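Reminder, nothing fancy here: chain letters follow the sequence lines and each chain counts from 1. Fair warning: this is a prediction, and the values are worked out from it, not measured in the lab.
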Amino acid sequence: MTFTLDSSVLDSSGGLSFEETLIEGRGRGIAILWEQGDLGVDMELLGYSIRFWPAEEQPMNPRE
Amino acid sequence: MPSRNSTFTVHPTLGGLDMTSDPSVLDANFLTVADNVEYLEAAQRKKRLGTSIYSTSTGDVVGAAQYLMTSGDSIRAIKDFWRYGTSLTPTQNIVVLTGKSGAITGSIMYSTGNGRWDSVGFSDNFGTSANVQGKITLAGDYAVFSDETMSPTAWDQGGSVVTPSTGSAWPKFTGSSYHLNRLFIYGLSTAPSRLQYMAANNIFDSTGGDTGQFTVNVGDGDQIMGVSAPFYGKLYVFKGPKFGSIWEFGGKTAASFDLSMVGHGAPLLNHRAVVNTPTDVYWLSQYGVHSLQTTIKYGNVESAFLSLPIQTLWRDGILDRDEFPKVWGFWHPSRNIVGWAVTPKGSSPNKAQNWLLCYNTALSDPAPGGRKYWSIQKFGFGLTCGDTVLLPPTWNALRGWSRSGLPTMFFGTNRGSVYAWDSTSFGDAGVAYKASVRTPTLTRFPTAQGTIGETQEKVFAGITTYFVPKGNTTATIGHVIDRDGASTTIPMTGIGDVLT
């Protein structure tokens, strides 16, 4: 099969994809919610990752 | 301070809904919310399919012409009725037991699969919507209709219904099961603990020499609430609704029939809440959801309830207990689920059975401690009965689908219409619904340097969502860090989606 720029179509639909969402927050725990409520729209989730940095081992502030 | 960048990945997500455990101690694979989603074979969380009104219209506009009955009346039972007779070419009719005549003649209706409904020739009303015990059993090439209050009747896809012509008339019974070419009946108002069987090869013969009956622990404070369909050559009799007991009915001829108790507790509340699959018999009781195999093997203890991860629905009164007698169950083989229609407290519309508790049989481990994959489907209308129907070719063509013959759930509703599930329209008759999944509260994160514990603070910087692209769509992602939340919209298109 020959791929020709400007004429061939490269499409990954049907396979795995991912989307990174940048967030900002500091705390002890996190919960994540995904929602899809549009008419005629599907959603199929495979998994997730959370990116974080460890902060104070003994937080000074009881809750931020 | 922050000295290392770490990523915590849960992919694939091998876990289902757990509403019972504290969300801060749950494994990251589980969910604390799983609304309007199903689990696919690799445990993907996918938005559930939509519903379409079974009618002659190709659209989903709710109008008087599309109602089976007048609006507001319930459909009480529905059955996919295949009949061979003396031909190798069977005929398919969908039969329903409705609540009242309303805009139609008679209350037992059928459809040949073209989206239209006609009367079977039973001109009177067969009970009312208030009677939630309606049952249709296929037996001897007949559909047998019963609900205890009305004289049972049968229909063979001919011009009118028939009643027994052999011996005495059937007694009024609540439900029936077909086994060994015999009709077994139960729920007799004159004998609540009696299991009675008709003659072999004649479902109408209730008094001849080949007929008989068993009295199942009469006077034990319970009645026979339901009987399973045949399961590995046996019937299972469920007593309830107070204390509960389970009885195994075996033997192949009247001379060898025998009955023995195989379990106690877990009282069944409605014969319609018993669900047969090829590998197990399931039911919903006052206390939870049970599997026959698991209950016999491990006993009637909460750790063996299939519903343990959603036990809070019972324990905290989220389900309306007054409405338990209306619960009905189903098996949907092409989606790998068994489920029950229940009424949540404060449901809208009032007292509507608009939740389906769904248990994935392909992924779940029924043993105590095994992972269970539950989800809750939420509808804007009441689901009063249902049956798995092999999608009629005519209606399949009318809708422009390519699913002829595929097992599809048909719901009787409190809107006077029948709805078919499994529509890729992702709407309920044109009305949007929301799919939601929420992770537990994640506080412990394993890293290469060791586990970051519950009390240690973390600076959260990003969430990566792994998904299957479904076109040019979006979803909403929200997060709560301790008590502070935010949400945003993310694209769900494929990476490098189209390059030209």
Side-chain angles (χ1 to χ4, degrees), chain A, chain B residues 1-2 4-13 24 44-47 425-427 432 434-443 452 454-470 473 475-482 484 488 490-492 494-500:
Chain A
M1 180 180 290
T2 303
F3 180 83
T4 308
L5 201 62
D6 284 337
S7 67
S8 299
V9 175
L10 182 64
D11 184 359
S12 71
S13 62
L16 167 70
S17 196
F18 59 90
E19 177 68 22
E20 170 118 12
T21 306
L22 299 179
I23 62 172
E24 290 181 9
R26 184 187 187 100
R28 296 163 188 78
I30 184 171
I32 309 168
L33 171 72
W34 290 268
E35 292 183 322
Q36 171 31 256
D38 297 332
L39 183 65
V41 177
D42 194 3
M43 177 176 75
E44 185 175 332
L45 302 174
L46 299 170
Y48 61 95
S49 294
I50 299 169
R51 192 153 54 85
F52 66 99
W53 291 272
E56 288 91 344
E57 293 187 6
Q58 300 296 330
M60 304 303 290
N61 189 342
R63 191 188 77 79
E64 291 185 343
Chain B
M1 263 220 317
R4 52 191 188 273
N5 182 355
S6 296
T7 301
F8 176 68
T9 297
V10 186
H11 179 226
T13 45
S24 66
Q44 305 99 301
R45 290 85 183 256
K46 183 181 184 306
K47 189 175 180 179
S425 64
F426 293 100
K434 181 181 290 183
S436 304
V437 295
R438 189 171 71 199
T439 68
T441 304
L442 307 169
T443 57
I452 309 299
E454 293 92 329
T455 58
Q456 182 169 353
E457 286 202 332
K458 300 96 184 169
V459 176
F460 295 101
I463 302 167
T464 303
T465 304
Y466 302 97
F467 58 91
V468 176
K470 299 291 182 182
T473 64
T476 301
I477 183 171
H479 66 271
V480 175
I481 298 173
D482 289 357
D484 302 322
T488 187
I490 60 171
M492 302 285 273
I495 289 176
D497 203 6
V498 178
L499 177 64
T500 59

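- Counting heavy atoms from C-beta on, the side chains of B/Met492 and A/Leu45 come closer than 4.5 Å.
- The side-chain hydrogen bond (donor to acceptor under 3.5 Å, both in side chains) test with A/Ser49 singles out one residue from B/Thr9, B/Thr464, B/Thr465, and that residue is B/Thr9.
- Ranked by non-hydrogen atom pairs under 4.5 Å with chain A, the options B/Thr7, B/Thr488, B/Ile463 are led by B/Ile463.
- Chosen from A/Gly37, A/Gly40, A/Gly29, the residue pairing most often with chain B at heavy-atom distances under 4.5 Å is A/Gly29.
- If you tally non-hydrogen atom pairs under 4.5 Å between each of B/Thr439, B/Thr443, B/Thr13 and chain A, the highest count goes to B/Thr439.
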Under the salt bridge (charged side-chain N to carboxylate O under 4.0 Å, His left out) rule, what do A/Asp42 and B/Lys47 come out as? Steps first, then yes or no, please. CA-CA 6 Å; A/Asp42 194 3; B/Lys47 189 175 180 179; over 6 Å; no
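- Ring-plane geometry between B/Tyr466 and A/Phe18 is classed as tilted, the angle between the planes lying from 30 to 60 degrees on a 0 to 90 degree scale.
- For B/Gln44, the parts lying under 4.5 angstrom from a heavy atom of chain A are both the backbone and the side chain.
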